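A quick write-up on the structure given underneath.
Keep in mind that this is a model prediction, so the values were computed, not measured.
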Amino acid sequence: PWLAAWLLHYGLWPLLAASKRWHDGLRQQRHWRAADRERLPVVLGNCRVGDWNVVELNDARALEDEGLRMRHCVATRWPDCARGGARIFAMTRAVAGNGERATAQFDLAVTRKGRLRYELHELRGPANAVGAADARAAARKIESLLNAPERQSAIAEASAAAARYR
């Protein structure tokens, strides 16, 4: 009811203008200091998990492009990646004709035993829709791949890179 009243009073144009300002602001993030435009070290890289093609997004431009494609604010997560060691993946269903997409963020955490590991923080579909159940299952598989013993040195490198940005 309040939104309808607001729209009746002000109209749709101010809302569209605000949306345009927000999206233009995302494009401006590319002008952060030069260090923020570097590529972060790859932890997992690109792979296929079940029916999903998975791409690790390791620079601000890749996050911006994903945000524009998915119509959500993933580009604003660059500081989480650069300073906090988070990793974000673009997921596309590989089944022909479907084109279903999702974006997954994994945050770096420390276990009780002091070991670094990645944990699924968020999984979103286009326009921030909740990710499908099988996308969540694929994200959990990505989480296990990220935390595999053979990736511990890559996780340590990602953590060290994040410490340089702080």
Side-chain angles (χ1 to χ4, degrees), residues 23 26-27 29-30 32-166:
H23 283 91
L26 289 180
R27 289 184 191 94
Q29 289 179 356
R30 160 167 25 147
W32 286 334
R33 64 187 174 95
D36 282 345
R37 292 195 302 266
E38 293 178 5
R39 288 188 179 273
L40 298 175
V42 171
V43 176
L44 179 61
N46 303 343
C47 62
R48 182 144 176 186
V49 175
D51 288 341
W52 295 88
N53 289 323
V54 178
V55 177
E56 185 169 356
L57 307 176
N58 66 333
D59 64 46
R61 179 61 192 213
L63 291 181
E64 181 181 329
D65 291 345
E66 178 72 358
L68 292 172
R69 255 191 313 276
M70 295 291 285
R71 299 178 323 277
H72 59 49
C73 66
V74 71
T76 64
R77 302 300 175 90
W78 176 244
D80 295 346
C81 298
R83 293 176 186 88
R87 287 295 178 267
I88 297 179
F89 293 84
M91 301 169 58
T92 307
R93 187 181 297 280
V95 178
N98 188 327
E100 188 175 354
R101 297 181 53 85
T103 307
Q105 178 176 336
F106 299 86
D107 287 348
L108 196 55
V110 181
T111 67
R112 283 183 256 181
K113 294 181 179 179
R115 185 173 161 258
L116 292 171
R117 67 170 279 109
Y118 281 100
E119 296 176 350
L120 179 61
H121 172 74
E122 188 171 31
L123 177 69
R124 294 290 176 192
N128 281 328
V130 175
D134 64 328
R136 182 159 298 280
R140 291 291 180 200
K141 176 66 175 167
I142 295 167
E143 183 180 70
S144 68
L145 291 171
L146 278 169
N147 293 307
E150 63 269 18
R151 289 208 175 63
Q152 287 305 301
S153 62
I155 292 173
E157 182 183 352
S159 177
R164 288 193 298 269
Y165 284 103
R166 290 187 203 123

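- Partners of Arg151 by salt bridge (Lys or Arg N to Asp or Glu O under 4.0 Å), not counting sequence neighbours: none found.
- Arg77 and Ile88 make their closest contact through CB-CD1, 3.6 Å (heavy atoms, listed as atom of the first residue, atom of the second, distance).
- The shortest side-chain heavy-atom distance between Asn46 and Val54 does not fall under the 4.5 Å cut-off.
- In this structure, SG in Cys47 is found 13.0 Å from CH2 in Trp52, a value given to the nearest 0.5 Å.
- Judged by distance alone, the side chains of Gln105 and Arg87 never bring a donor and an acceptor atom under 3.5 Å apart.
- Side-chain contact check for Leu120 versus Ile142: every heavy-atom pair is 4.5 Å or farther apart.
- The side chain to side chain contact (heavy atoms under 4.5 Å, CB included) search around Val42 returns Glu56, Asn58, not counting sequence neighbours.
- With respect to the salt-bridge test (charged N to carboxylate O, under 4.0 angstrom), the residues Glu66 and Arg101 qualify.
- A heavy-atom distance below 4.5 Å is found between the side chains of Phe106 and Glu143.
- Of the charged side-chain nitrogens involved, none lies within less than 4.0 Å of a carboxylate oxygen, so that Arg69 and Asp65 do not count as a salt-bridged pair.
- Taking each heavy atom of His72 and Gly125 in turn, the nearest pair found is CD2-O, 3.4 Å.
- Every residue two or more places apart in sequence or in another chain was checked for a salt bridge (Lys or Arg N to Asp or Glu O under 4.0 Å) with Glu157, and none qualifies.
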